[in-house]
J.: 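Here it is: the structure, laid out below.
Here is the naming used below: chain letters follow the sequence lines, and residue numbers restart at 1 for every chain. Hydrogens, waters and symmetry mates are skipped; everything else that's a heavy atom, side chains included, is used. Just so you know, these numbers come straight off a predicted model, no measurement behind them.
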There are 2 protein chains.
Amino acid sequence: MPRVLSSEVSVVDGRKQKVLATLIDDYIATAEPVGSRTLARKYAFGVSPATIRNEMADLEELGYLEHPHTSAGRIPSDKGYRYYVDRLMRPWVLDAEVIEQIRATYRVRVRELQWFIHQTARLVADMTAYPTVVLAPPLREARLWDLRVVAIEPETVVLVLRTDTGIIENRTLALPEGLEAKDVAAMAEDFTVQFRGTPLAQLEGRLIDGLSHQVGSAWRFWEEMLRWLAEAPDEEERVTLGGALNILNYPEFRDVSKVRRVLTFLETEQAVDTLLTLRPEQGIHALIGSETDREDIRDCSVVMASYQLGNKVVGKLMVLGPKRMEYGRVYAILEAVSEELSRVLNWA
Amino acid sequence: MPRVLSSEVSVVDGRKQKVLATLIDDYIATAEPVGSRTLARKYAFGVSPATIRNEMADLEELGYLEHPHTSAGRIPSDKGYRYYVDRLMRPWVLDAEVIEQIRATYRVRVRELQWFIHQTARLVADMTAYPTVVLAPPLREARLWDLRVVAIEPETVVLVLRTDTGIIENRTLALPEGLEAKDVAAMAEDFTVQFRGTPLAQLEGRLIDGLSHQVGSAWRFWEEMLRWLAEAPDEEERVTLGGALNILNYPEFRDVSKVRRVLTFLETEQAVDTLLTLRPEQGIHALIGSETDREDIRDCSVVMASYQLGNKVVGKLMVLGPKRMEYGRVYAILEAVSEELSRVLNWA
DNA sequence: ACTTAGCACTCTGGGCATAGGAGTGCTAAT
DNA sequence: ATTAGCACTCCTATGCCCAGAGTGCTAAGT
């Protein structure tokens, strides 16, 4: 016979909140269902297990807790975690040491986006001890600012591309028969003049109007090169994964098939990509269990953050862990890292 | 009472060889210990299980087979696999289709070493269905050929390095306060003239003699840059891993702790590096189980191959799998790929 | 001298029942 | 409103048994 509870929406009672918070903390720490006795003994509630039991029954009634089976302790439901993340979780303060470690990571002279992305993935994975994914800005949407050609050997050039957002990409290419580096350089200059400001994704289409007077081999070369500008960096390199093996440390992944599901998900670029592009909001967000809407990671949670380039959100980072992940710590780390990354990417 | 056997060194008897070969083939295919009955029934030997049994007992006596326990079938020992790889394995012929797939992978205009390494790791991992590692040439040993500076913004430059072996690396850097791109470009020119032919690893030492007349900020910049030339590309990027998750498909890795051991090994660049560089031979080689001399991959085998740059072996690739891996197939694939990779890296 | 049938023996793994433990939910007393 | 008490449930670990697979040996056959 359920008691009448004051509200479905919120856990009004202060003690209920404390029970829920403590239980979730304990479960996060131990990965074992938590019973009333453990809770009463391990944490100094002024009340007996029986009272806790009643509270827990209520919390279950309200949907914040679940029962694996009759005689096990309780574990948080997705709703429980949600409430915890939104209202109960204590804000986590990072050590000065940790902050310094983040700063130090970016205190370098290198100005390659890809380098920063890599460093970030690794840094966050190491700090959180969860697998981490970083999504690079969509180069397709950036606008052409400058295209340079550097001759290295008679038939080899380095193309250096710079976008309006300051992203610099470069690639070494072989010239086709009959095309000289200085021709290409001249073409690149024309090209820059003509197309500065055009989104990279549109360049391929524009080529037809702009360069159709070129001769055969040159035409093919530009075609190939444009394909690189417009496509390659997006599809292949947008997603960087760090610390994938961290997942193996959590007891919920003692089963290889689960490990495979999750790791495959992380390595499958589209999945992550869609997940990240789904929520373009700023700030730190968590998706808990089924909230992720992905079958493969149904029993995982993700916490994601974004970073900016020129005051515009251009990329994301995401930490994936078991649902009982340490949300507080991860939030704090992601907040610090994404802020620092934004700062440093704007070459401030 | 063991029978007297004609030789310890080699399995003289033709039938013993056939039994051993067939047993290993079957075990490779099924991962289950093979019994005499299965062997006799599944493959048309003209003899009864009892005879097979005797042969198997002899083979065990000789050390080619093992017994997990009394009433299980036999599995090959490391020595058995070794014999199989050296003498019994049928040479595998690749489909024209597969060959074409390999060729197509490299039929591109890109001339970045790192790009080829990545492609190779992925290609081989996909084709063999085992995790694959590719080891890049040790840049430290290459000699400086050309160093270019391309100014991108007032305070940003792209450094393009070319070695005597034709490797091209580039990196985008921020200039320190008070240093202009054209100064750096001029310095780079000097630098090239002065140090062309010097191994990159020695550049750092030489700096002191060669550039000590430079002023403060310039000095620091070059110092930093030289550190990049001499170290960074080696430490960070020498090892590229592809298809790590393939390992999860093999029943011997149903246990997460084994998975972790192996994957951690593969991700530890140093470990892979020493394993591979210790054996500088050309051609395809297998290390079976304990032959790898590494505790973490004691029950794995690796097959490795090398690739060349200017007729000199500069890098390696390696496939890792359970000891019952498909050696024949892997040999064939590695042979084709390493040959093609060498060909294409010499920009022939 | 090799091959093979027969047979006793060994070891593993699945199935099953049992016992212990943890935790609950209810009731009744405080 | 809280709590002690207690019966009840369900999971898990353990021990046991048995079937199945495979062996090794012996003795008989070719």
J.: Of B/Ala72 and A/Thr51, whose nearest nucleotide on DNA chain D comes first from the 5' end?
T.: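 Nearer the 5' end of the strand: A/Thr51.
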J.: Kindly say whether, by distance alone, the side chain of A/Arg37 makes a donor-acceptor pair under 3.5 Å with the base of C/dG23?
T.: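 No, no donor-acceptor pair under 3.5 Å.
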J.: Measuring from the side chain of B/Arg53 (C-beta onward, heavy atoms only), which nucleotide among D/dT3, D/dG24, C/dA5 has the closest atom?
T.: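 Looking only at side-chain atoms, B/Arg53 lies closest to D/dG24.
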J.: Measure from CD on B/Glu32 to P on C/dC11 and round the result to the nearest Å.
T.: 20 Å
J.: Distance under 6.0 Å and angle within 45° of the ring axis: does A/Lys258 meet both against A/Phe253?
T.: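 No, A/Lys258 and A/Phe253 do not form such a contact.
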J.: In whole angstroms, how far is the C1' atom of D/dT23 from the CG atom of B/Leu23?
T.: 14 Å
J.: Do the charged groups of B/Glu66 and B/Arg74 touch, with an N to O distance under 4.0 Å?
T.: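 So B/Glu66 does not pair with B/Arg74 through a salt bridge.
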J.: Using the side-chain heavy atoms of B/Ser71, tell me which of these nucleotides is nearest: D/dG24, C/dC11, D/dT2.
T.: C/dC11
J.: Do B/Thr70 and C/dC11 have a side chain to base donor-acceptor pair shorter than 3.5 Å?
T.: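 Between C/dC11 and B/Thr70, which were checked side chain against base, a qualifying N/O pair under 3.5 Å is absent.
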J.: Quick one: is C/dA22 close enough that its OP1 or OP2 comes under 4.0 Å of any side-chain N or O from A/Arg74?
T.: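 No.
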J.: Find the distance B/Leu39:CG to D/dG22:C1' and express it as a whole number of Å.
T.: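 To the nearest whole Å, that distance equals 13 Å.
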J.: Rounded to whole Å, please give me the gap between CD in A/Glu55 and P in D/dA1.
T.: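 My rounded result for the distance is 11 Å.
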J.: Rounding to a whole Å, what distance do you find between B/Asn54:CG and D/dG22:P?
T.: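 My rounded result for the distance is 17 Å.
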J.: Between D/dT23 atom C1' and B/Glu66 atom CD, what is the distance in whole Å?
T.: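 Going from B/Glu66 (CD) to D/dT23 (C1'), I get 16 Å.
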J.: Taking all heavy atoms of B/Val303 and all of B/Tyr327, pick out the closest pair and write down the distance.
T.: CG2-CD2, 4.0 Å
J.: Identify whether the distance between the nearest side-chain nitrogen and carboxylate oxygen of A/Lys42 and A/Asp26 falls below 4.0 Å.
T.: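 Salt bridge: yes.
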J.: May I have the distance from B/Asp26 (atom CG) to D/dG22 (atom P), rounded to whole angstrom?
T.: 11 Å
J.: Can you tell me which nucleotide in D/dA4, C/dT12, D/dT23 comes closest to the side chain of B/Met56?
T.: D/dT23
J.: Provide, to the nearest angstrom, the distance between the CD atom belonging to B/Glu60 and the P atom belonging to D/dG22.
T.: 15 Å
J.: Considering only side-chain heavy atoms of A/His67, which listed nucleotide, C/dG25, C/dT10, C/dG23, is closest?
T.: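 Selected nucleotide (nearest to the side chain): C/dG25.
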J.: Just checking B/Tyr64 against B/Tyr84, ring centres under 6.0 Å apart?
T.: no
J.: I want to verify a distance call: between D/dT23, C/dT4, D/dT3, whose nearest atom is closest to the B/Ser48 side chain?
T.: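 Per side-chain heavy atoms of B/Ser48, the pick is C/dT4.
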